[in-house]
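Here is the structure we will look at.
If you're wondering where the values come from, they're calculated on a predicted model, not measured in any experiment.
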Amino acid sequence: MWRLKAVRHKVHPQCGNLEEFQFKRREYEKALRKARKDQQLVSKRLLQEESDHEGMEIAAEVLSKKEVVQLFRGIQQSGEERVNALRDFRRALRHKETQHIFVKLENSMHLLVGLFSGSNAVWQLEAAHCLHELSHSDEPSIALACLPATPYLLTYLSGQSAKFTELCLYTLGNLTAESEAVRKQLLAQGIVPALASCIQSPHAAVVEAVGYTLSQLLQAKEAPEKIIPSVLESGVTSHLLRLLQSDSEFGIGAAIECAWCLHYIISSNANTNLLMVQGAVSKCTSLLVALGGAVASGTATEGMDLVISPVLRCLGNLLANHGMESCREQMRDSRVLVALCAFIQGFLQQRPSVARESLWVINNLTADDPVFCSAVFYLNLVPVFMQLLPFSKGINIMVLRLLCNIAEKGPVYCQQLQQREIFSALHATLRMAEPKVVRLSLELLHIIVASIPQVADEFTEKGISALEAIQYNSDEEIRLRASYILDRYLHKHIQVNTPAV
């Protein structure tokens, strides 16, 4: 059988160095782990009551300017006529066009804020609903028009009505999403201390609303310098961590919002030593273990999957920022690996992003810690990982990275991988079209055969033919890596057939 001995792509003398390969990958891995931040998830909430469904036909059509003016005149009246006009106007404000007409009317916002800050409870509640509808606009100019209401929105957070407090919180959260000017004013008016107080409320709906409003603040572009330091000083983080429970009396909704708040703080590159002292790693690990058990047993409740992603990102970024050495005291439970594998298997088809995030956390766990690498073998998780190699969308790339982490720990670990038929898996990945998959496969193969050269015999004819085919790859780095492995470690296995003369 004819075998390729040499091709025109010569090995560059400096590209075959194992230490250089590992250094490049470690630098890339370091950047990857620290850059694993989610795109900003600014969203807005619109609270609706059951009574809102009555009379929806009023809001079905956009009002003309004349009709808006007529409604505004009704609001200027008193008694029942004012109440009815406010209720009709609340529904009309769900249209962007109506919002723009209203805020431009002379004294319109002055009147609305006056009713909101007045002593008549019925008018105040209806005005609050109107402000809430305005806050849901994605137009910064509308948020700016609502600025006169912010002192009262903050004042009412300390009121007795949980429903009214919840409404004010969501209105504040919506307003902060659109305008830096609004955020600047709210910070000056003391929104962070107000939220730190509200999060201690006994009402689940209020606590969830605090999480939403705080998350909107934390997503602002100026948050790392102007918002997060005051949040860390306010003492709110201890309450966020306290609420990271799957069976909390405050419900899964509060846990979801608090988890996202923690994620935005941790991924901001702010000083997170306080969170470490408060046991953030331990809290995240315990919650993931509990959630993993529920997913594995099929007893996961509605919404439980929504808390997994932000908690995964919290733990992953804490590991990246502080290193395994600093986190080890809070990471004694190897069941977290089982939980992460449960997420991978449970969400691989429906929510592959959760599977990717879980693999990323395992990558961070195994990057610098031989204990977790050993736990991978003890828990027999390598076959689980190898089953994921055919999957694209970044899944197989993350698997190969964590397998490289394990192989880098030395010959004993490489031997364990080889005994679990890692070469058979590499036969397939070396032939894949994705360059990153091929590159990482070559690196994993290189680490193993360099650590224990005697296992090169196990790579077999099928694997060598894959390497020879790679030497015609359009990517020069991939060609050079394949050539180096062939020439340095597998040359005695290459057969050359010379045609008979």
Side-chain angles (χ1 to χ4, degrees), residues 29 32-33 36-38 244-246 255-256 259 262-263 266-267 280-300 304-324 327-328 330-389 391 393-406 409 413 416-417 420:
E29 292 287 310
L32 172 76
R33 292 197 292 269
R36 196 73 176 182
K37 303 172 189 175
D38 194 42
L244 279 190
Q245 301 178 43
S246 59
I256 293 169
L262 288 166
H263 163 63
I266 293 167
S267 66
V281 172
S282 177
K283 281 283 188 181
C284 291
T285 302
S286 298
L287 179 54
L288 290 174
V289 169
L291 294 171
V295 170
S297 63
T299 58
M304 194 174 280
D305 57 319
L306 299 177
V307 77
I308 294 173
S309 285
V311 177
L312 286 172
R313 295 176 187 190
C314 287
L315 180 57
N317 277 317
L318 284 170
L319 291 168
N321 292 340
H322 294 274
M324 196 60 207
C327 299
R328 186 170 285 112
Q330 299 183 44
M331 287 290 298
R332 295 182 178 274
D333 196 344
S334 62
R335 289 181 302 167
V336 69
L337 286 173
V338 179
L340 294 170
C341 286
F343 301 148
I344 294 166
Q345 294 173 318
F347 298 106
L348 181 61
Q349 300 293 345
Q350 294 182 333
R351 294 187 62 191
S353 61
V354 174
R356 275 196 305 274
E357 297 290 346
S358 300
L359 286 165
W360 170 65
V361 174
I362 298 174
N363 180 63
N364 284 6
L365 286 170
T366 56
D368 303 307
D369 192 76
V371 174
F372 272 96
C373 291
S374 298
V376 168
F377 294 121
Y378 177 76
L379 297 168
N380 197 29
L381 298 179
V382 173
V384 176
F385 297 145
M386 290 200 296
Q387 290 173 4
L388 300 172
L389 288 173
F391 289 88
K393 297 183 179 179
I395 300 293
N396 47 14
I397 291 173
M398 294 305 301
V399 170
L400 287 165
R401 283 186 180 130
L402 72 89
L403 290 174
C404 285
N405 286 343
I406 295 170
K409 300 305 179 290
Y413 294 87
Q416 292 266 24
L417 287 173
R420 286 162 175 79

Could you list the residues that satisfy side chain to side chain contact (heavy atoms under 4.5 Å, CB included) with A259, not counting sequence neighbours?
-> L244, V307, P310, V311

Sequence neighbours left out, what passes side chain to side chain contact (heavy atoms under 4.5 Å, CB included) with S309? Give chain and number order.
-> R351, V354

Who passes side-chain hydrogen bond (donor to acceptor under 3.5 Å, both in side chains) against [X], sequence neighbours left out?
X	result
Q416	R420
S358	none
S374	Y413

Atom pair [atom1]/[atom2] of [X] and [Y] - distance to nearest 0.5 Å:
X	Y	atom1	atom2	result
L389	I395	CG	CD1	11.0 Å
L319	F372	CG	CZ	8.5 Å
S246	M304	OG	CE	5.0 Å
D368	N405	CG	CG	8.0 Å

Of all heavy-atom pairs between C341 and F385, which one has the smallest distance, and what is that distance?
-> SG-CE2, 3.9 Å

Locate the shortest heavy-atom distance separating A320 from N364; write the atom from each residue and the value.
-> CB-ND2, 4.1 Å

Given side chain to side chain contact (heavy atoms under 4.5 Å, CB included), test L312 with W360 step by step and report yes or no.
-> CA-CA 9 Å; L312 286 172; W360 170 65; 5.7 Å; no

Heavy-atom side-chain proximity of [X] to [Y] below 4.5 angstrom:
X	Y	answer
D305	F343	no
L403	L417	yes
L315	M331	yes
L365	L340	yes
L359	N363	no

Closer than 3.5 angstrom, by distance alone: can the side chain of [X] be matched with the main-chain N or O of [Y] as a donor-acceptor pair?
X	Y	value
N317	I266	no
K393	R356	no
K409	V371	no
N396	F391	yes

R335: what forms a salt bridge (charged side-chain N to carboxylate O under 4.0 Å, His left out) with it, not counting sequence neighbours?
-> D333

For L381, which of V376, L402, I362 qualifies under side chain to side chain contact (heavy atoms under 4.5 Å, CB included)?
-> V376

Considering only distance and modelled atom types, tabulate donor-acceptor pairs under 3.5 Å from the side chains of residues 284-296, sequence neighbours left out.
unit_1, atom_1, unit_2, atom_2, d
T285, OG1, V281, O, 2.7
S286, OG, S282, O, 2.9

